[in-house]
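Some notes on the structure that comes next.
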Amino acid sequence: MKKNIIYLTGFMGAGKSTIGPILANTLGWDFFDLDREVEKLFKKKVREIFQDEGEEAFRQYESGVLKELSEGSNLVISLGGGTIADDDNLHFMKSHGFIIHLKTSPDIAYERLRFKRDRPILLFDGDDEPKKVMLLDKINEILGERIKYYNQADIEIDTDKNTVGKTIDKIVWIISKGIKI
């Protein structure tokens, strides 16, 4: 059963965690950042879960928290970049809400992520500051694996050339035009 839930998906650095709380506030809805909710529940940073238990364990935790949060209504949920890249999660979200893909190019993702060290999937062993080509190759590889999932979102909004305000205005406009979520 579809509820008033907006799932924000997209690659790391697309703006999900920035846009999400402002969008929720604009709509008068509640906001949840899925990664932060997993961290609260398991009392560990995502990076620590990846290190201690592996990506598969993290993805299981993530799916469980996603389903639990989705019991509510009038929600904006910012997903981790890989949450949608699971067929069960994708099907679940499509049946429970409205998926918005915040799209960013690999070059802009690189600019937004190059100094971040809290993204376990982008870390390189023994390299505190990977070379641009290494990081761009990794971004392109991950994006290539996930694009087929991102392309299944209900709508896509390019965040490369839009300000946060314009992106939120676009989403609110789409909702105001009577698109059922």
Side-chain angles (χ1 to χ4, degrees), residues 1-104 109 112-113 116-123 138-139 141-157 159 171 175 179-181:
M1 170 179 98
K2 282 207 179 216
K3 301 177 181 182
N4 284 342
I5 301 175
I6 295 173
Y7 299 102
L8 296 177
T9 191
F11 196 74
M12 295 170 267
K16 302 175 301 287
S17 296
T18 300
I19 290 165
I22 300 169
L23 176 61
N25 187 54
T26 301
L27 297 172
W29 292 7
D30 292 321
F31 171 75
F32 294 97
D33 182 302
L34 189 57
D35 284 348
R36 299 302 78 81
E37 295 302 312
V38 169
E39 289 177 344
K40 278 196 271 185
L41 183 64
F42 293 95
K43 296 177 179 38
K44 285 182 170 182
K45 296 284 185 195
V46 170
R47 175 181 35 79
E48 294 169 327
I49 296 170
F50 265 73
Q51 286 172 338
D52 298 345
E53 302 176 54
E55 183 176 358
E56 187 175 325
F58 170 75
R59 296 297 177 197
Q60 289 175 353
Y61 300 156
E62 180 183 59
S63 291
V65 173
L66 172 69
K67 290 173 180 157
E68 192 174 305
L69 289 174
S70 297
E71 291 176 10
S73 190
N74 297 336
L75 306 173
V76 175
I77 300 175
S78 171
L79 306 172
T83 308
I84 197 171
D86 174 282
D87 290 324
D88 291 336
N89 286 347
L90 177 62
H91 178 73
F92 177 85
M93 290 183 292
K94 284 190 133 332
S95 67
H96 282 75
F98 188 74
I99 304 171
I100 298 175
H101 173 212
L102 299 178
K103 182 181 178 186
T104 189
R112 294 175 181 167
L113 297 168
K116 300 263 185 187
R117 296 296 169 257
D118 61 343
R119 313 294 170 118
I121 207 158
L122 288 181
L123 295 179
K138 187 69 170 177
I139 289 169
E141 174 189 332
I142 297 166
L143 193 53
E145 294 166 359
R146 294 178 180 173
I147 195 67
K148 66 184 178 190
Y149 297 100
Y150 294 149
N151 286 342
Q152 294 181 60
D154 296 296
I155 64 165
E156 177 180 276
I157 296 177
T159 62
I171 295 169
I175 293 169
I179 298 213
K180 287 282 187 207
I181 49 177

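Side chains are part of it too, since the values below use all heavy atoms of this structure and drop only hydrogens, waters and symmetry mates.
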Before giving the answer on side-chain contact (heavy atoms from CB on, under 4.5 Å), spell out for N4 and L27 the whole-Å C-alpha distance, their side-chain angles and the decisive distance to 0.1 Å. CA-CA 11 Å; N4 284 342; L27 297 172; over 6 Å; no
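- For the pair K67 and F92, the cation-pi criterion (under 6.0 Å, within 45° of the ring axis) is fulfilled.
- In terms of heavy-atom proximity, K16 sits nearest to L79 at CE-O, 2.9 Å.
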Apply side-chain contact (heavy atoms from CB on, under 4.5 Å) to L41 and Y61, showing your working. CA-CA 9 Å; L41 183 64; Y61 300 156; over 6 Å; no
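- Taking 4.0 Å as the cut-off between side-chain N and carboxylate O, D154 and K94 count as a salt-bridged pair.
- E37 and K40 are joined by a salt bridge, as a carboxylate oxygen and a charged side-chain nitrogen come within less than 4.0 angstrom of each other.
- Relative orientation of the F50 and F58 rings is tilted, given thresholds of 30° and 60° on the angle between their planes.
- The shortest heavy-atom contact between E62 and D35 is OE2-OD1, 4.2 Å.
- Between atom CD of residue E39 and atom CZ of residue R47 there is a gap of 9.0 Å, rounded to the nearest 0.5 Å.
- Here CD of E55 is found 11.5 Å from CD of Q60. Values are rounded to the nearest 0.5 Å.
- Partners of D86 by side-chain contact (heavy atoms from CB on, under 4.5 Å), not counting sequence neighbours, listed by chain and number: D88, N89.
- In E156, the CD atom is crowded: over 12 heavy atoms of neighbouring residues, nucleotides or ligands sit closer than 6.0 Å.
- In this structure, CD1 on I142 lies 4.5 Å from CZ on F11, to the nearest 0.5 angstrom.
- One N or O on the side chain of Y150 and one on the backbone of G81 form a donor-acceptor pair closer than 3.5 Å.
- Residues satisfying the side-chain contact (heavy atoms from CB on, under 4.5 Å) test with E141, not counting sequence neighbours, are K138, E145.
- Here the straight-line distance linking atom CG of L143 with atom OG1 of T104 works out to 9.0 Å at 0.5 Å rounding.
- With rounding to the nearest 0.5 Å, the separation of CG in L8 from OG in S78 is 6.0 Å.
- For the pair I84/Y7, no side-chain contact is recorded, criterion being any heavy-atom separation below 4.5 Å from C-beta on.
- Remark: K44 engages D52, E53 in a side-chain hydrogen bond (donor to acceptor under 3.5 Å, both in side chains) (not counting sequence neighbours).
- For the pair I99 and L90, the minimum side-chain heavy-atom distance is below 4.5 Å.
- Heavy-atom minimum distance, H101 versus G10: CD2-CA, 3.7 Å.
- Looking only at side-chain heavy atoms (C-beta outward), T159 and I19 come within less than 4.5 Å of each other.
- Of all heavy-atom pairs between N74 and W29, the closest is O-CB, 3.0 Å.
- Annotation: side chain of T9 is not in contact with side chain of T83 (no heavy-atom distance under 4.5 Å).
- For the pair L69 and L75, the tightest heavy-atom approach, listed with the atom from each and the gap, is O-CD1, 3.1 Å.
- Minimum interatomic distance between I100 and A153 (heavy atoms only, all atoms of both residues): C-CB, 4.4 Å.
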